[in-house]
Amino acid sequence: MSANKQNENNFVENTTGAVVDGIQSISSFVFNTAENAVGTTLGIAKNLVNSVININDSDNDNSGTN
């Protein structure tokens, strides 16, 4: 194989590897961002539900009624 062909192959391999790494990084970022958004939303929802339960059960006997 000529030196030029070897260099061309190396360039293609390196470029392809860099593109794949970039896609994986972007995918991870998108997934992590989505996961964090869902986690935050669920956390807010859980806190809201707990707040409502606490308000409705302010006598603290866990009966669910005031």
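Just so it is clear, the structure is predicted and the values come from calculations on it, not from any experiment.
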Enquirer: Please enumerate all residues that pass side-chain hydrogen bond (donor to acceptor under 3.5 Å, both in side chains) together with N4, with sequence neighbours excluded.
Expert: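 Not a single residue meets the side-chain hydrogen bond (donor to acceptor under 3.5 Å, both in side chains) criterion with N4.
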Enquirer: Mind listing the side-chain donor-acceptor pairs of residues 26-34 below 3.5 Å, one per line with the distance, residues two or more places apart or on another chain?
Expert:
unit_1	atom_1	unit_2	atom_2	d
S27	OG	I23	O	2.8
S28	OG	Q24	O	3.0
N32	ND2	S28	O	3.2
T33	OG1	F29	O	2.7

Enquirer: Kindly give the cluster partners of V38, where membership spreads through any ILVMFWY side chain lying under 4.5 Å from a current member.
Expert: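 L42, all in the cluster of V38.
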Enquirer: Quick one: which of N9, N14, T15 gives a side-chain contact (heavy atoms from CB on, under 4.5 Å) with F11?
Expert: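 So, applying the side-chain contact (heavy atoms from CB on, under 4.5 Å) to F11 and each of N9, N14, T15, only T15 qualifies.
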Enquirer: Quick one: salt bridge (Lys or Arg N to Asp or Glu O under 4.0 Å) pairs with a partner in residues 8-36, sequence neighbours left out?
Expert: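 The answer is K5-E8.
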Enquirer: Mind checking side chain to side chain contact (heavy atoms under 4.5 Å, CB included) for T16 and listing every partner two or more places apart, or none if nothing turns up?
Expert: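 Here the qualifying residues are V12, V20.
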